[in-house]
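Since the structure comes first, as structure tokens, the remarks are kept for the end.
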Amino acid sequence: NLKRHAIKKLVIINSHGGNNFTPIIRELSVKHPDIFICTIDWWKVCKAETYFTEPGDHAGELETSVMMHLVPDLVSPLDVAGDGKAKNFKIAGFKERWAWAQRRWTAISESTGVGNPRLATSENGERFVEDTSMKIAEFLVELAISDINEMYE
């Protein structure tokens with residue numbers, strides 16, 4: 001229980017693009033109006049285009065670079081990686097992104113990757129992770145010293 005542990009602020013750091021914490025945060029915020037709850041999508045903290053030529057979506061250059069930096073032994077050699085080409089939905093609402101459905105990974109891509117990982121480097125992954133981590137840390141410090149009753153200008 002958040003109240004029992006005297007938690008006044010809660011930050012959920014999301015690490016998966018398919019997750020959506022908005023409904024949960026809305027529900028908890030109504031039940032616990034004295035607790036400030038928010039979420040961060042770590043891959044959106046810094047502009048991916050500043051670090052990567054083709055960031056990609058799923059196992060593309062961004063994710064592969066980060067994995068090469070953090071856990072290189074889990075990354076296959078890039079010369080065996082797929083090209084990241086993927087099929088898109090045929091229905092306009094899904095293409096325009098005002099409708100959403102889970103993608104069937106095996107139907108949209110030969111490798112289940114969406115985005116070209118071949119330009120990935122550990123160095124770019126390191127810069128992205130370090131800059132992202134620093135920005136999240138700065139956010140957490142700013143939030144920690146903020147009064148939750150004075151959050152708006």
Side-chain angles (χ1 to χ4, degrees), residues 1-86 88 97-98 100-103 105 108-153:
N1 186 318
L2 299 174
K3 279 188 175 185
R4 184 171 4 135
H5 295 286
I7 293 173
K8 299 287 182 205
K9 300 170 187 168
L10 176 66
V11 179
I12 301 167
I13 300 181
N14 181 20
S15 63
H16 187 266
N19 294 340
N20 180 358
F21 293 99
T22 304
I24 296 165
I25 292 171
R26 284 187 175 136
E27 185 175 329
L28 288 173
S29 295
V30 171
K31 289 181 180 179
H32 305 285
D34 51 334
I35 301 173
F36 183 83
I37 307 170
C38 64
T39 186
I40 296 170
D41 293 332
W42 77 267
W43 66 93
K44 293 180 181 177
V45 172
C46 293
K47 292 186 185 230
E49 298 76 19
T50 304
Y51 301 82
F52 309 104
T53 305
E54 298 177 45
D57 179 17
H58 186 263
E61 183 185 356
L62 183 159
E63 288 185 353
T64 303
S65 292
V66 168
M67 293 299 289
M68 290 171 82
H69 167 61
L70 296 176
V71 284
D73 54 314
L74 296 181
V75 181
S76 295
L78 294 179
D79 60 350
V80 299
D83 61 11
K85 290 183 182 172
N88 293 311
R97 295 188 173 223
W98 52 266
W100 183 88
Q102 175 65 39
R103 292 179 281 188
W105 294 103
I108 66 167
S109 169
E110 287 183 24
S111 66
T112 71
V114 178
N116 189 350
R118 299 225 170 123
L119 296 175
T121 67
S122 177
E123 295 77 20
N124 284 350
E126 180 178 17
R127 284 187 322 114
F128 189 73
V129 167
E130 285 183 4
D131 292 353
T132 298
S133 299
M134 184 59 70
K135 213 166 169 184
I136 290 172
E138 290 168 356
F139 171 84
L140 294 174
V141 169
E142 187 176 11
L143 180 61
I145 62 174
S146 296
D147 181 340
I148 63 172
N149 296 310
E150 299 291 330
M151 295 293 285
Y152 306 99
E153 295 183 300

Side chains of [X] and [Y], heavy atoms from C-beta outward: is any pair under 4.5 Å?
X	Y	answer
L78	T64	yes
K3	D34	yes
F36	L143	yes
H32	L10	no
E142	L140	no
W100	N20	no
S65	F128	no

Atom pair CD (E61) and CZ (R118), whose distance is rounded to the nearest 0.5 Å |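 One gets 12.5 Å once the value is rounded to the nearest 0.5 Å.
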
Heavy atoms of other groups near K9 NZ, more than 12 under 6.0 Å =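 Yes - once you tally the heavy atoms of other residues, nucleotides and ligands closer than 6.0 Å, there are more than 12.
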
Go through Y51 and D131 one step at a time and tell me if the side-chain contact (heavy atoms from CB on, under 4.5 Å) criterion holds.
-> CA-CA 10 Å; Y51 301 82; D131 292 353; 2.6 Å; yes

Minimum heavy-atom distance between M68 and S122, given as atom pair plus value |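 Nearest heavy atoms, M68 then S122: O-OG, 3.6 Å.
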
Looking at D41, I40, T39, which one forms a side-chain contact (heavy atoms from CB on, under 4.5 Å) with F21?
->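 The single option meeting the side-chain contact (heavy atoms from CB on, under 4.5 Å) with F21 is T39.
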
Begin from the C-alpha positions of H16 and N14 and carry the test side-chain contact (heavy atoms from CB on, under 4.5 Å) through to its verdict.
-> CA-CA 6 Å; H16 187 266; N14 181 20; 4.2 Å; yes

